[in-house]
There are 2 protein chains.
Amino acid sequence: MGTSKKEAFSNSQNRLADLAKALAHPARIAILEFLAKKNACICGDIVEELPLSQATVSQHLAELKRVGLIKGDIEGPRVCYCINQKAWSEAKQLLSQFMVTVKNCC
Amino acid sequence: MGTSKKEAFSNSQNRLADLAKALAHPARIAILEFLAKKNACICGDIVEELPLSQATVSQHLAELKRVGLIKGDIEGPRVCYCINQKAWSEAKQLLSQFMVTVKNCC
DNA sequence: AACTTCTATCGTATTATTACGATAGAAAAA
DNA sequence: TTTTTCTATCGTAATAATACGATAGAAGTT
């Protein structure tokens with residue numbers, strides 16, 4: 001057991017859950033907020049901003065890349081991370097629609 | 001190791017991540033969507049709607065209760081699950097603000 | 001009282017996540 | 001060429017999450 005039964009759910013349910021999973025760690029929230037604060041791509045100074053080791057930060061960046069929320073462009077010796085505009089819009093749309101659709105009932 | 005370093009991040013970052021974690025499984029998305037479709041509290045027929053065992057569904061409901069998104073009122077032999085209006089509004093506010101704040105940069 | 005119904009919890013197995021040190025590789029700098 | 005800088009990946013250890021059968025408890029029903 002132990003394996004998530006993804007195949008039993010719809011594509012949109014799985015996509016929404018997958019996006020939420022990418023946001024389900026404060027370090028990844030912090031990374032995205034840092035990207036927002038800079039309002040630019042980040043080239044090489046993410047590790048200093050976080051209280052985690054370089055290897056761990058790289059893993060979190062990989063998770064954000066996995067769902068497509070950010071992209072990394074190699075630029076010389078560094079990698080520049082940016083919000084992936086397309087996926088971010090999709091996530092915003094999916095999440096906000098979901099939050100609005102599920103309304104209170106009692 | 002293996003323990004998430006929650007204490008190194010802010011309260012709002014942790015709360016947002018925790019809410020996202022509660023949404024990070026298609027079964028829990030499906031539960032909330034089912035609540036929305038019925039537009040009422042659900043008393044006792046959640047398990048039949050999901051391709052999971054009763055024990056597993058109960059665990060997912062407990063996770064949604066843990067973050068406060070739903071509440072369960074005992075009503076005779078059954079438990080009636082409802083969206084927790086207050087927590088849901090808070091989640092909607094936190095998530096949408098976050099999604100808007102993090103804008104694309106390049 | 002005995003039975004049925006519904007849900008939570010326990011126990012357990014499996015898989016996933018988190019974290020970090022060490023290492024490798026790529027590209028600029030010396 | 002050697003060195004420095006930056007990042008990804010490997011290896012590993014610990015914790016968390018997922019799933020289900022079995023069981024317990026609470027509240028109606030017969």
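Side chains included, hydrogens not; waters and symmetry mates left out as well; all remaining heavy atoms used. By convention in this document, chain letters (A, B, ...) are assigned in the order of the sequence lines, proteins followed by strands, and residues within each chain are numbered from 1.
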Tell me the interatomic distance from [X], atom [atom1], to [N], atom [atom2], rounded to whole angstroms.
{"X": "B:Asp73", "N": "C:dC6", "atom1": "CG", "atom2": "C1'", "result": "16 Å"}
{"X": "A:Glu49", "N": "D:dC6", "atom1": "CD", "atom2": "P", "result": "14 Å"}
{"X": "A:Glu48", "N": "D:dT5", "atom1": "CD", "atom2": "P", "result": "12 Å"}
{"X": "A:Glu75", "N": "C:dA28", "atom1": "CD", "atom2": "C1'", "result": "13 Å"}
{"X": "B:Gln54", "N": "C:dC6", "atom1": "CD", "atom2": "C1'", "result": "8 Å"}
{"X": "A:Leu50", "N": "C:dA19", "atom1": "CG", "atom2": "C1'", "result": "13 Å"}

| query | Does any non-hydrogen side-chain atom of A:Val79 lie less than 4.5 Å from one of A:Ile74? | reply | yes
| Touch check for B:Ile74, heavy atoms < 4.0 angstrom, all strands: base, sugar-phosphate only, or nothing? | nothing
| Which is true for B:Ser53 with a 4.0 Å heavy-atom rule: it touches a base, it touches only sugar-phosphate, or it touches nothing? | base
| message | Considering only residues two or more places apart or on different chains, which pairs with a residue in residues 12-71 of chain B satisfy ring pair (Phe, Tyr, Trp, His ring centres under 6.0 Å)? | response | B:His25-B:His60
| task | Residues of residues 7-27 of chain A with any non-hydrogen atom less than 4.0 angstrom from an atom of DNA chain D: list those, numerically ordered, please. | result | none
| Using a heavy-atom distance cut-off of less than 4.0 Å, which residues of residues 55-66 of chain A contact DNA chain D? | A:Ala55, A:Ser58, A:Lys65
| query | Between D:dT15, C:dT18, D:dA19, which nucleotide has the shortest distance from any of its atoms to the side chain of B:Ser4? | reply | C:dT18
| said: Checking contacts here: which listed nucleotide (C:dT7, D:dC20, C:dT18) is nearest the side-chain heavy atoms of A:Arg28? | reply: C:dT18
| task | Apply side-chain contact (heavy atoms from CB on, under 4.5 Å) to A:Thr56 and A:Leu50, showing your working. | result | CA-CA 10 Å; A:Thr56 303; A:Leu50 294 173; over 6 Å; no
| B:Ala8 and A:Pro51: which non-hydrogen atoms are nearest, and at how many Å? | CB-CG, 3.4 Å
| request: Decide, based on the SG atoms alone, whether A:Cys41 and A:Cys80 are under 2.5 Å apart. | output: no
| said: When you measure from the side-chain N and O atoms of A:Lys6 to the phosphate of D:dT18, is any distance below 4.0 Å, counting only OP1 and OP2? | reply: no
| said: To the nearest 0.5 Å, what is the distance between CD1 on B:Ile31 and CG on B:Leu61? | reply: 4.5 Å
Report, one line per pair, each donor and acceptor closer than 3.5 Å where one atom sits in a side chain of residues 13-20 of chain B; sequence neighbours left out.
from	atom 1	to	atom 2	distance (Å)
B:Gln13	OE1	B:Ser10	N	3.1
B:Gln13	OE1	B:Ser10	OG	3.3
B:Gln13	NE2	A:Glu33	OE1	2.8
B:Asn14	ND2	B:Lys6	O	3.0
B:Asn14	ND2	B:Phe9	O	3.3
B:Asn14	ND2	B:Ser10	O	3.1
B:Arg15	NE	B:Glu90	OE2	2.9
B:Arg15	NH1	B:Val67	O	3.4
B:Arg15	NH2	B:Val67	O	3.1
B:Arg15	NH2	B:Glu90	OE1	2.9
B:Asp18	OD1	B:Arg66	NH1	3.4
B:Asp18	OD1	B:Arg66	NH2	3.1
B:Asp18	OD2	B:Arg66	NH1	3.1

| Does anything in residues 42-57 of chain B pair up under salt bridge (charged side-chain N to carboxylate O under 4.0 Å, His left out), and if so which pairs, sequence neighbours excluded? | none
| remark: By side-chain contact (heavy atoms from CB on, under 4.5 Å), B:Gln93 pairs with (sequence neighbours left out) B:Gln97
